[in-house]
Number of protein chains: 2
Amino acid sequence: MPGIATMTQAESVEKIIGRLRMCGIKPTQQRVQIATVLFSRPQHLSADQVLEQVTALGERVSKATIYNTLSLFSRKHLIREVIVDPSKVFYDSTTLPHHHFYNIDTGALTDLEAIDVDLASLPVLPPGMIVDGVDVIVRVRRASEHAGD
Amino acid sequence: MPGIATMTQAESVEKIIGRLRMCGIKPTQQRVQIATVLFSRPQHLSADQVLEQVTALGERVSKATIYNTLSLFSRKHLIREVIVDPSKVFYDSTTLPHHHFYNIDTGALTDLEAIDVDLASLPVLPPGMIVDGVDVIVRVRRASEHAGD
DNA sequence: CTGCTTGCAAAGGCTTTGCAGAACA
DNA sequence: TGTTCTGCAAAGCCTTTGCAAGCAG
């Protein structure tokens, strides 16, 4: 165990393993490391940032595995993909329903829980279709920013 | 003027030029062609689809120009970028406020106007920040679809 | 005419893939 | 021990960029 292990709740490794198993995910070493980073606290991370943080923990996981694992976790609803920009996919470690602020200027993504989306007013879905999720992204920017070029 | 000009309201070319000028966009031939495609009816098109439709009109516009122009139009708020998937950016020719259904299975994007987003409940924004836009994407899929792998 | 635009093709960034070796049950 | 996962590197896709030639006002 690396010396910096105490920087996150490394002691909850067992909990993380349980969580993975509960979702039908085989808890390999890399997956546990990635999950440890994701669940150390609620946050939004890009694939690259996940890689950086795993590396910062003194572990080595390949980029391919990062992508595969994040994709697997999303598919299993362990985390949620938040798409704010064509080339900026974040993985949100909080699966509780909430929405997001996206700061266009800085690229920062923050949580937003006080917004109401009236799902009751949804039109009737085509037969056999179900709602998989609702994403609300409030894009904000500096007021003084130039809107055009 | 190509013979297929009547397939869309080619007669509104002047209106389109006016619209571009009103937004401070120099109405070049390519831009008018692209705008003609976009505004022929309310729709959501990817860059590639715009290129296809322009080509279908018998015109030739380079891919680079398609990208540059769509980006310019968005920046000038003539159209709106809708990001539903990391590699699926649509350009919405309807700028009236509305939201979207995204069919995960088929990739189809459709309009949705009956949803209420209670913007009044937005938390206070940091000073100097303004809301640039609110995107609501309701992701739907076939009920029988397998959720995991 | 002068500057902005276009087009081509190459470069760029992020993500996926194929296959051999390693790890897990 | 068999299957699944990992890592590397190459390939892939979409988008952006640089530069010379062309169009708009």
Side-chain angles (χ1 to χ4, degrees), chain A residues 13-14 16-18 20-37 44-52 54-55 57 59-76 78-79 81-91 107 148-149, chain B residues 1 13-14 16-37 44-52 54-55 57 59-76 78-79 81-91 107 148-149:
Chain A
V13 164
E14 296 162 18
I16 287 178
I17 290 178
L20 295 183
R21 285 221 167 87
M22 225 162 45
C23 291
I25 297 170
K26 192 188 290 185
T28 67
Q29 193 173 313
Q30 289 86 341
R31 288 170 180 175
V32 171
Q33 285 160 1
I34 293 170
T36 298
V37 164
H44 311 97
L45 299 174
S46 66
D48 245 22
Q49 290 172 324
V50 172
L51 178 54
E52 281 171 26
V54 169
T55 304
L57 287 177
E59 308 292 346
R60 246 199 41 64
V61 177
S62 74
K63 195 169 267 200
T65 298
I66 296 284
Y67 279 106
N68 287 334
T69 302
L70 290 174
S71 169
L72 175 67
F73 284 5
S74 295
R75 210 171 339 118
K76 299 293 194 178
L78 201 63
I79 59 180
E81 233 178 22
V82 183
I83 304 159
V84 290
D85 215 82
S87 56
K88 271 195 180 49
V89 179
F90 288 106
Y91 292 90
D149 69 343
Chain B
M1 183 187 306
V13 164
E14 296 163 18
I16 287 178
I17 290 178
R19 206 160 163 179
L20 296 183
R21 285 222 167 87
M22 225 161 48
C23 292
I25 298 170
K26 191 189 292 186
T28 67
Q29 193 174 315
Q30 290 86 339
R31 288 170 180 175
V32 171
Q33 286 160 1
I34 292 170
T36 298
V37 163
H44 311 97
L45 299 174
S46 66
D48 245 23
Q49 290 172 325
V50 172
L51 178 54
E52 281 170 26
V54 169
T55 304
L57 287 177
E59 307 293 346
R60 247 198 39 65
V61 177
S62 75
K63 196 169 267 199
T65 298
I66 296 286
Y67 280 106
N68 287 334
T69 302
L70 290 173
S71 169
L72 174 66
F73 284 5
S74 290
R75 211 171 339 119
K76 298 293 193 177
L78 202 62
I79 58 179
E81 234 177 24
V82 183
I83 303 159
V84 290
D85 214 83
S87 56
K88 271 193 182 48
V89 179
F90 287 106
Y91 292 89
D149 67 344

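A, B, ... follow the sequence lines: proteins, then strands. Residue 1 opens every chain.
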Measure the distance from CG on B:Asn68 to C1' on D:dT15 and round it to the nearest whole Å.
10 Å
Pick the nucleotide of DNA chain C nearest each of B:Ala64 and B:Lys26; which residue has the one closer to the 5' end?
B:Lys26
Using whole Å, what does the distance between atom P of nucleotide D:dC14 and atom CG of B:Leu70 come to?
15 Å
Between which nucleotides of DNA chain C, 5' to 3', does chain A make heavy-atom contacts below 4.0 Å?
C:dC14 to C:dA25
Minimum heavy-atom distance between B:Lys76 and B:Cys23, given as atom pair plus value:
CD-O, 3.6 Å
Whole angstroms only, please: what is the CD-P distance between B:Gln33 and D:dA24?
11 Å
B:Ser71 side chain to B:Tyr67 main-chain N or O, any donor-acceptor pair under 3.5 Å?
no
Would you say A:Gln30 places a side-chain N or O within less than 4.0 Å of OP1 or OP2 belonging to D:dG7?
yes
Counting C-beta onward and ignoring hydrogens, is there a side-chain heavy-atom pair between A:Leu70 and A:Ile66 closer than 4.5 Å?
yes
B:Gln29 has a side chain; which of D:dT6, D:dA24, D:dT16 sits nearest to it?
D:dA24
Residue pair B:Gly107 / B:Phe90: nearest heavy atoms and the distance that separates them
O-CZ, 3.8 Å
Quick one, A:His44 and A:Tyr91 - any side-chain contact, counting heavy atoms below 4.5 Å?
no
Whole-Å gap separating P (D:dC8) and CD1 (A:Ile66)
12 Å
Can you tell which of D:dC5, D:dA24, D:dG7 lies closest to the side chain of A:Thr28?
D:dC5
Output yes when a side-chain donor or acceptor of A:Arg31 lies under 3.5 Å from a complementary backbone atom of A:Thr69, and no otherwise.
no
Can you list the steps and then say if B:Leu57 with B:Gln33 is a side chain to side chain contact (heavy atoms under 4.5 Å, CB included)?
CA-CA 9 Å; B:Leu57 287 177; B:Gln33 286 160 1; 5.8 Å; no
Nearest whole angstrom, please: distance from the P of D:dC13 to the NZ of B:Lys88.
13 Å
Determine the minimum heavy-atom distance between A:Pro86 and B:Ile83, stating which atoms define it.
CD-CD1, 3.7 Å
Angle, rounded to 10°, between the helical axes spanning five pairs at each terminus of the helix from C:dC1-D:dG25 to C:dA25-D:dT1?
40°
Spacing of B:Arg21 atom CZ relative to D:dA24 atom P, expressed in whole Å
11 Å
Judged by each residue's nearest nucleotide on DNA chain D, which is more toward the 5′ side, A:Thr65 or B:Ser71?
A:Thr65
Minimum side-chain heavy-atom gap A:Asp48-A:Lys63 below 4.5 Å:
yes
Interatomic distance where CZ belongs to A:Arg60 and P belongs to D:dT6 [whole Å]:
13 Å
Assuming nearest nucleotide by heavy-atom distance, tell me which of B:Pro86 and B:Ser62 is located more 5' along DNA chain C.
B:Ser62
Using whole Å, what does the distance between atom P of nucleotide D:dC23 and atom CD of B:Glu59 come to?
14 Å
